[in-house]
Amino acid sequence: MEEQELTELCRQGNNRARKELYEQYSGRMLGICLRYAGDRDTAQDLVHDGFLKIFASFDKFTWRGEGSLRAWMERVMVNVALQYLRKNDVMNQAMALDEAPETYEEPDIAAVEAIPQKVLMQFIEELPAGYRTVFNLYTFEDKSHKEIAQLLGINEKSSASQLFRAKSVLARRVKEWLMVNDR
C-alpha cells in the first residue's frame, strides 16, 4: 500500500491499514526507542505507547510527500521516549563527575567504521541514561544544545557537558574494542 493511501486509511481508523503501518515501521521505531531507552523491554513499551499516540493523532499529520509519514512517526517516537525519560528523571542519573574522563581522544574514523554498527549501537545503549539522551538528540536528531536544554529541562552547559562525557565514554569503549579485536 502506498504511503499516502496508508495515511488516509489510518486517519479513517481502518484496522488493516493500522496493522500494515505497524508491521512496516515497528522495527525502525523500535531502533529509535532502543537508542533512548537503553533496554529492549522499555523500548518495546515505548513503541507500543508511540503507536497508540500515532493512531490517536493522525488528524494532526499532514502528508507532504513520500517519507513525510515516516519522519512524523519518528518525531512522535522520540517525543514519547523523551517524555518517558523526563518522567523518570534520567538527567539526574548520570555517573558521578569523578568517574568521567577530563579529556578524550577522538578515535580514527576509519577505525570506527571497521566496528560493526550493532556493536556501536550497543555502546550507545550502555551509556548512562542522561549521556545517552543528549548524545542521541545531538547526533541523531541534529538538535542544538539550546534545543536539548529546552526539551530536557536542563541548562545548555549541562547538555554540552553530558555530550562531552558521552563522547569520552564512547571513545574509550571504541579504543578498548579495537585493542581486543585488533582490526
Side-chain angles (χ1 to χ4, degrees), residues 25-50 53 70-71 73-183:
Y25 292 101
S26 62
R28 183 177 190 83
M29 299 304 132
L30 178 63
I32 290 167
C33 292
L34 205 47
R35 276 199 332 248
Y36 286 93
D39 74 89
R40 185 165 286 280
D41 289 340
T42 302
Q44 287 172 329
D45 288 345
L46 292 173
V47 167
H48 179 264
D49 293 349
K53 189 168 194 98
R70 187 184 87 200
M73 291 173 58
E74 288 174 354
R75 275 196 318 276
V76 170
M77 287 295 166
V78 168
N79 288 333
V80 166
L82 291 177
Q83 186 177 26
Y84 166 81
L85 294 173
R86 278 191 301 268
K87 187 175 119 191
N88 290 289
D89 200 24
V90 298
M91 295 314 294
N92 294 321
Q93 297 173 16
M95 71 172 68
L97 287 176
D98 56 344
E99 293 177 39
E102 291 293 315
T103 62
Y104 74 98
E105 188 178 319
E106 291 261 348
D108 176 49
I109 294 295
V112 173
E113 288 175 353
I115 300 174
Q117 184 176 3
K118 186 176 184 173
V119 173
L120 290 173
M121 294 310 290
Q122 179 72 37
F123 292 164
I124 293 168
E125 287 173 28
E126 292 170 354
L127 287 170
Y131 296 6
R132 182 178 60 242
T133 303
V134 171
F135 181 83
N136 283 323
L137 288 168
Y138 188 86
T139 305
F140 296 109
E141 311 303 332
D142 206 25
K143 299 287 185 196
S144 68
H145 288 298
K146 183 176 184 173
E147 292 169 311
I148 293 169
Q150 289 171 342
L151 283 168
L152 301 177
I154 60 175
N155 69 46
E156 288 180 51
K157 286 185 166 101
S158 293
S159 174
S161 173
Q162 297 271 339
L163 178 64
F164 177 82
R165 291 184 193 132
K167 286 181 174 181
S168 300
V169 171
L170 290 173
R172 188 188 76 232
R173 294 293 310 271
V174 164
K175 189 175 180 182
E176 290 168 356
W177 190 91
L178 290 170
M179 287 182 359
V180 170
N181 292 283
D182 203 47
R183 301 194 303 147

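If you're wondering where the values come from, they're calculated on a predicted model, not measured in any experiment. Below, all heavy atoms of this structure are taken into account, side chains as well, without hydrogens, waters or symmetry copies.
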Colleague: Within the 3.5 Å criterion, strictly below it, is a donor on S168 or R172 matched to an acceptor on the partner's side chain?
Modeller: no
Colleague: A quick test of your reading: do over 12 heavy atoms of other residues, nucleotides or ligands sit less than 6.0 Å from CD of Q83?
Modeller: no
Colleague: Hey, could you give me the CD/OG distance between Q150 and S144, rounded to the nearest 0.5 Å?
Modeller: 7.5 Å
Colleague: Could you check I148, V134, L137 and say which one makes a side chain to side chain contact (heavy atoms under 4.5 Å, CB included) with L163?
Modeller: V134
Colleague: Looking at side-chain heavy atoms only, is the closest gap between F135 and L170 below 4.5 Å?
Modeller: yes
Colleague: Any chance you could measure E141, atom CD, to R75, atom CZ, to the nearest 0.5 Å?
Modeller: 10.0 Å
Colleague: Which atom pair, heavy atoms only, marks the closest approach of Y131 to L127?
Modeller: CB-CB, 4.3 Å
Colleague: Got a second to check how far R165's CZ is from S161's OG, nearest 0.5 Å?
Modeller: 3.0 Å
Colleague: Applying side chain to side chain contact (heavy atoms under 4.5 Å, CB included) to L46 and Y36, what does each step give before you reach the verdict?
Modeller: CA-CA 10 Å; L46 292 173; Y36 286 93; 5.5 Å; no
Colleague: Would you say R86's side chain and L151's backbone share a donor-acceptor pair under 3.5 angstrom?
Modeller: yes
Colleague: Would you call F123 and V119 a side-chain contact if the rule is heavy atoms closer than 4.5 Å?
Modeller: yes
Colleague: Enumerate the salt bridge (charged side-chain N to carboxylate O under 4.0 Å, His left out) contacts for residues 147-162, please, sequence neighbours excluded, ordered by first and then second residue.
Modeller: none
Colleague: Minimum heavy-atom separation for V76 and G50, please, with both atom names.
Modeller: CG1-O, 4.0 Å
Colleague: If I compare all heavy atoms of V47 with all of M77, which pair ends up nearest, and what's the gap?
Modeller: O-CE, 3.6 Å
Colleague: Which atoms form the tightest heavy-atom contact between A37 and T42, and what is the distance?
Modeller: CB-CG2, 3.7 Å
Colleague: Is there a side-chain contact between E126 and R173, using heavy atoms and a 4.5 Å cut-off?
Modeller: yes
Colleague: Measuring from Q44:CD to D39:CG, what's the distance to the nearest 0.5 Å?
Modeller: 9.0 Å
Colleague: Look up atom SG in C33 and atom CD in E74, then write down how far apart they are to the nearest 0.5 Å.
Modeller: 10.5 Å
Colleague: Could you tell me whether a side-chain N or O of R132 sits under 3.5 Å from a main-chain N or O of E125, the two making a donor and an acceptor?
Modeller: yes
Colleague: Whether the T133 and N136 side chains hold a donor-acceptor pair (N or O, under 3.5 Å, no angle test) is what I'd like checked.
Modeller: no
Colleague: Can you classify the ring geometry of Y138 versus H145 as parallel (below 30°), tilted (30 to 60°) or perpendicular (above 60°)?
Modeller: parallel
